[in-house]
2 protein chains.
Amino acid sequence: MKPVNLKQLAEELGLSIATVSRALQDSHEVSAATKERVRALAAELHYEPNAYASSLRRNQSKTIGVVIPKVTNHFFALAINGIEEAARQSGYHVLIYLTHDDYEREVAIIQHLKGGRVDGILLSVASGTEDITHLESLREAGIPLVFFDRVRAEIATAKVTTNDYESGRLATAHLLAVGCQRIAHLLISNTLSIGQNRHQGYLDALAAQGHAPDPDLVLPGTTDNARNVQLIEELLRRRPDIDGIFASVERLAVGAYHACHRLGRRIPEDVKVVGFSNLESVSLFDPPLTTITQPAHDIGREAARILLRAVEKKRPVLPTQSVVLASELVPRRSTAVAVSSPL
Amino acid sequence: MKPVNLKQLAEELGLSIATVSRALQDSHEVSAATKERVRALAAELHYEPNAYASSLRRNQSKTIGVVIPKVTNHFFALAINGIEEAARQSGYHVLIYLTHDDYEREVAIIQHLKGGRVDGILLSVASGTEDITHLESLREAGIPLVFFDRVRAEIATAKVTTNDYESGRLATAHLLAVGCQRIAHLLISNTLSIGQNRHQGYLDALAAQGHAPDPDLVLPGTTDNARNVQLIEELLRRRPDIDGIFASVERLAVGAYHACHRLGRRIPEDVKVVGFSNLESVSLFDPPLTTITQPAHDIGREAARILLRAVEKKRPVLPTQSVVLASELVPRRSTAVAVSSPL
DNA sequence: CCGGATTCTGAAAACGTTTACGTAAATAAA
DNA sequence: TTTATTTACGTAAACGTTTTCAGAATCCGG
């Protein structure tokens, strides 16, 4: 019933606990013969070291914490995939915490993690977060932090992001290139830098073609999807001149499709749509959605690698280690220009 | 730098470590006055108990392990959501492990978890798993296990599933009802009971309408999506008489769409499709996909609750605690009967 | 054969908690 | 008053591991 421990192995072998421990760690100060004996018995009895005793003594848990808004967003699911891959390769474990984009929860989670349960933290900031003293306090607690995707520039640590500004510019330029004149921007909460960056790209792309910005065309989303669809519908009704939509987050792209379907606006004939998304199935949409696709898996893996390097070398994470990965614009039918109807 | 511990609190307050510990646990053997003093200082110094020392001493980690094939499957993402919800409510933490449907990894993960890192395990079996001695060994290690979705009947523990047989029967009956004569079944690896159950439902629904089973119409999927699309294309080419597809797992439903699009088979005119899926966006598909949708969130939450109850009461999990939740057939256009074409 | 290096092993402290046990003072029961 | 009982706190052991320190045994050059 009780799992076997070092003491039992030691007794069985007529050795001391210390020697057994060292043998299992392949220490050079134990003879090859005893190492073999120890290993054999350990295997036979299915010995597994007690992770907590080990963590307590070594003062490191071989565990990283991943704090994200939600796991149902496909971007984060893919990122977790990358994180788990990097962690496993380094023998680390992954604790998952979901903030549901709620500031209070984020604070509670971070506070709790300061108890030393994890050696480092990967974080994508909740959209509801404004005050960041809880994140700052991680520094004095000595827990390394790496941001990914949703970052806060004020914190001096590494950040792994995509080229959000460039992506926003590209998406908007693409819509302009296919003939859109009135382009709405559906964005995530505006406290997040990714939203700001993508929006600036949108604005600059418009300006580059001599379009004046129109604040009425900018719609910040909420955390409630049904509500978002309503808001988008209202916007489309209020401004029937809208002929292009740039949704800078997956949820809102899906919301835009629903709104268009409900209002009977044809895509791409009446309205062209481009959206950030990592769903493989967008190519099955009606019509297939033109996307900005982020290298989500790589983002997760890179962020984890940076964090793990810092953890292993017991060095702080430096802002200079930040990485910006490139997103990709994948044109599909939702932004196709009219073709001679192939009857 | 170093986090504050009980000793420092005790010194500062002129108390013993024991009293401080007890005060923080709101023990009845410490006076209200000292409790208040202790709590005040603890709050001031941002004291967080060391989770590993606590776990070691109490022999419980307040952590559960979740072992799943992949997190990019939307079903599992939703399940994690439910699990995290239940865990958080009970003050538990969630460790995530991905098997990628690989038997070796599953074994390694389970073996590792026997080190006591978790108080209990939630598992959805890898499709590559046949031998289950690693799972049996959890019993003697005294670690409670609860299966969800992909279960193994041989292990005597609680299982949280959906009515797979009934769903398979329903999906097939639906296809028959809308006029299909040759219905293919795309299923997950056949070692898994969910695949078997769904398949039996398929067979029985066919038999009920006097259709003989045709093994050539049954296609077991692989773990490689691109390969799956190929296999489906081959099947459709080989058997042009197929006019209905039942995909008993999300990946294969998406694969079927791709295959149909590539071969120019129109859905639902030429082939009608129903698939298991938890993607919200199936309603945006071309055409919207008729689905069997599982209550994924509830499955995760229920499984976690059962596990946590057992963990807290230090009782074994019993097979009698198993729960079967109902899936839902959501008819959409992919199985619509021909309507008078509305020019 | 001695001194010193090298190789292997053991005793014991340490990590930060929790908790069984002991004890002194205060209170209640006799 | 004396004797239980309760209250509030301290002492110290325990959880299982890692690691410092020291010691015993072996080897080797002189």
Side-chain angles (χ1 to χ4, degrees), chain A residues 1-39 41-42 45-63 91 112 114-119 141-142 314, chain B residues 1-39 42 45-63 112 114-119 141-142 314:
Chain A
M1 203 65 208
K2 275 268 167 184
V4 324
N5 56 21
L6 285 184
K7 196 165 158 192
Q8 295 170 40
L9 288 183
E11 277 174 11
E12 188 97 5
L13 290 162
L15 290 172
S16 76
I17 294 179
T19 307
V20 176
S21 172
R22 278 188 282 242
L24 292 172
Q25 293 172 81
D26 205 16
S27 157
H28 65 279
E29 34 181 352
V30 41
S31 74
T34 38
K35 263 185 202 172
E36 208 28 68
R37 281 211 307 144
V38 172
R39 277 202 275 251
L41 187 67
L45 301 186
H46 301 109
Y47 168 74
E48 271 293 324
N50 181 303
Y52 294 102
S54 176
S55 294
L56 175 60
R57 178 56 227 246
R58 303 181 104 126
N59 198 29
Q60 51 148 320
S61 58
K62 286 275 176 186
T63 304
H112 191 98
K114 284 195 283 184
R117 195 176 276 270
V118 296
D119 294 340
K314 303 199 182 301
Chain B
M1 204 67 209
K2 276 267 165 186
V4 322
N5 55 22
L6 286 183
K7 195 166 158 192
Q8 295 170 40
L9 289 183
E11 277 173 11
E12 188 97 5
L13 290 162
L15 290 171
S16 76
I17 294 179
T19 307
V20 177
S21 173
R22 278 188 282 243
L24 291 172
Q25 293 172 79
D26 204 16
S27 157
H28 64 276
E29 14 182 0
V30 43
S31 74
T34 38
K35 265 184 202 172
E36 207 29 69
R37 282 211 305 144
V38 172
R39 278 202 273 251
L45 301 186
H46 301 108
Y47 167 74
E48 272 292 326
N50 181 304
Y52 293 103
S54 176
S55 295
L56 176 59
R57 179 56 225 248
R58 303 180 102 127
N59 197 28
Q60 53 149 320
S61 58
K62 286 274 176 188
T63 304
H112 191 98
K114 284 195 283 183
R117 194 177 277 271
V118 296
D119 295 341
K314 303 198 183 301

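Proteins get letters first, then strands, A, B, ... in listed order; numbering begins at 1 in each.
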Polar pairs (N or O, both sides) under 3.5 Å between protein and nucleotides 21-26 of chain C?
none

**Message:** S27(A): which residues meet the side-chain hydrogen bond (donor to acceptor under 3.5 Å, both in side chains) condition with it, sequence neighbours left out?
**Reply:** none

**Prompt:** Who passes side-chain contact (heavy atoms from CB on, under 4.5 Å) against S61(A), sequence neighbours left out?
**Reply:** S55(A), T63(A), D119(A), Y52(B)

**Prompt:** Counting only non-hydrogen atoms, which of residues 6-17 of chain B are less than 4.0 Å from DNA chain D?
**Reply:** G14(B), L15(B), S16(B)

**Message:** The criterion is side-chain hydrogen bond (donor to acceptor under 3.5 Å, both in side chains); which residues satisfy it with H112(A), sequence neighbours excluded?
**Reply:** H93(B)

**Listed partners of K62(A) passing salt bridge (Lys or Arg N to Asp or Glu O under 4.0 Å), at least two apart** = E312(A)

**Request:** Please name the pair of heavy atoms, one in A10(B) and one in V20(B), separated by the smallest distance, quoted to 0.1 Å.
**Result:** CA-CG2, 3.7 Å

**Item:** Closest-nucleotide 5' rank along DNA chain D - winner of V4(A) and K35(B)
**Value:** K35(B)

**Prompt:** Under a 4.5 Å cut-off applied to non-hydrogen side-chain atoms, are Y47(B) and L6(B) in contact?
**Reply:** yes

**Complete:** Hits for side-chain hydrogen bond (donor to acceptor under 3.5 Å, both in side chains) against E48(B), two or more places apart or cross-chain, chain-then-number order -> Q111(A)

**Item:** Those residues that, when tested against S31(A), pass side-chain hydrogen bond (donor to acceptor under 3.5 Å, both in side chains) (two or more places apart)
**Value:** T34(A)

**Request:** Taking side-chain contact (heavy atoms from CB on, under 4.5 Å) as the test, write out the residues that go with A51(B), two or more places apart.
**Result:** R117(A)

**Message:** So which atom in A23(B) and which in V30(B) form the shortest heavy-atom distance, rounded to 0.1 Å?
**Reply:** CA-CG1, 3.8 Å

**Message:** In whole Å, I'd like the distance from the CG atom of L24(B) to the C1' atom of dT19(C).
**Reply:** 15 Å

**Between dG16(C) (C1') and R117(A) (CZ): distance, integer Å** = 14 Å

**Complete:** Expected list for residues 45-63 of chain B near DNA chain D, using heavy atoms below 4.0 Å, is L56(B), R57(B)

**Item:** pair L13(B)-R37(B): side-chain heavy atoms closer than 4.5 Å
**Value:** yes

**Prompt:** Can a side chain N or O of S21(B) be found less than 4.0 Å away from OP1 or OP2 on dT18(C)?
**Reply:** yes

**Request:** Give me the bend of the helix from dC1(C)-dG30(D) to dA30(C)-dT1(D), using the axes of the five pairs at each end, rounded to 10°.
**Result:** 50°

**Message:** By the salt bridge (charged side-chain N to carboxylate O under 4.0 Å, His left out) test, which pairs, at least two apart or in different chains, include something from residues 10-32 of chain B?
**Reply:** D26(B)-K35(B), D26(B)-R39(B)

**Request:** Indicate yes or no: at least one non-hydrogen side-chain atom of N50(A) is less than 4.5 angstrom from one of N5(A).
**Result:** no

